[in-house]
**Student:** 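Here it is, the structure in full.
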Amino acid sequence: YQDVLRRYPAEGDEPVAEVQLDSGAINRLAVSPNGEWLAAVGCKRFFLLRAATLEVVASSAHRALSSGAFALAFAPDGATVAYTAGRELF
């Protein structure tokens, strides 16, 4: 299952960046407070991407996500990102 994540300009209908993620259906996205980072989590994986280019800089598989991710957030300083999946906090 491939999810396509696209970034569009404020005006226009053509994407300026695109990436395919093997996430098993992205169900949460979060942007860091400074706008530099984008976090995406799906049923199979977590991804940390550069917001401007959608370059994947980190990825992690997680367990037991048949129920999906419920929350995803950056800390106010942007240095930490956390998400819950099922009853687990990552």
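It should be emphasised that the depicted structure is a prediction, and the values quoted were computed from it without experimental measurement.
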**Student:** Tell me the closest heavy-atom pair linking Leu49 and Leu54, and the distance in Å.
**Tutor:** CD2-O, 3.3 Å
**Student:** Which heavy atom of Gly35 sits nearest to which heavy atom of Ala51, and what is that distance?
**Tutor:**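 Nearest heavy atoms, Gly35 then Ala51: O-CB, 3.3 Å.
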**Student:** For a quick test of reading the model, state the closest non-hydrogen atom pair linking Ala39 to Val81 and the distance between them.
**Tutor:**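 What the structure gives for the nearest pair is CB-CG2, 3.9 Å.
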**Student:** Assigning hydrophobic clusters by single linkage (Ile, Leu, Val, Met, Phe, Trp, Tyr; side-chain heavy-atom cutoff under 4.5 Å), is Val31 placed with Val16?
**Tutor:** no
**Student:** Rounded to the nearest 0.5 Å, how far does CG of Leu38 lie from CZ of Phe74?
**Tutor:**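 Separation between the atoms: 7.0 Å.
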**Student:** Specify the closest pair of heavy atoms between Ala71 and Arg28, including all atoms of both residues, with the distance to one decimal.
**Tutor:**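 Where Ala71 meets Arg28 most closely, the heavy atoms are N-NE, 4.2 Å.
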**Student:** If you measure from OH on Tyr8 to CD on Glu18, what distance do you get to the nearest 0.5 Å?
**Tutor:**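 If I round to the nearest 0.5 Å, the distance is 7.5 Å.
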**Student:** Closest approach of Pro76 and Pro33, non-hydrogen atoms and distance?
**Tutor:**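 Between these two residues, the closest heavy atoms are O-CG, 3.2 Å.
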**Student:** When you measure from the side chain of Arg50 to the backbone N and O of Val57, does any donor-acceptor pair fall under 3.5 Å?
**Tutor:** no
**Student:** Under 4.5 Å between side-chain heavy atoms, counting indirect links through other Ile/Leu/Val/Met/Phe/Trp/Tyr residues: same cluster for Phe47 and Leu29 or not?
**Tutor:** yes
**Student:** Is a side-chain donor or acceptor of Ser60 paired with a backbone partner of Phe46 at a separation under 3.5 angstrom?
**Tutor:**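 No: the side chain of Ser60 does not pair with the backbone of Phe46.
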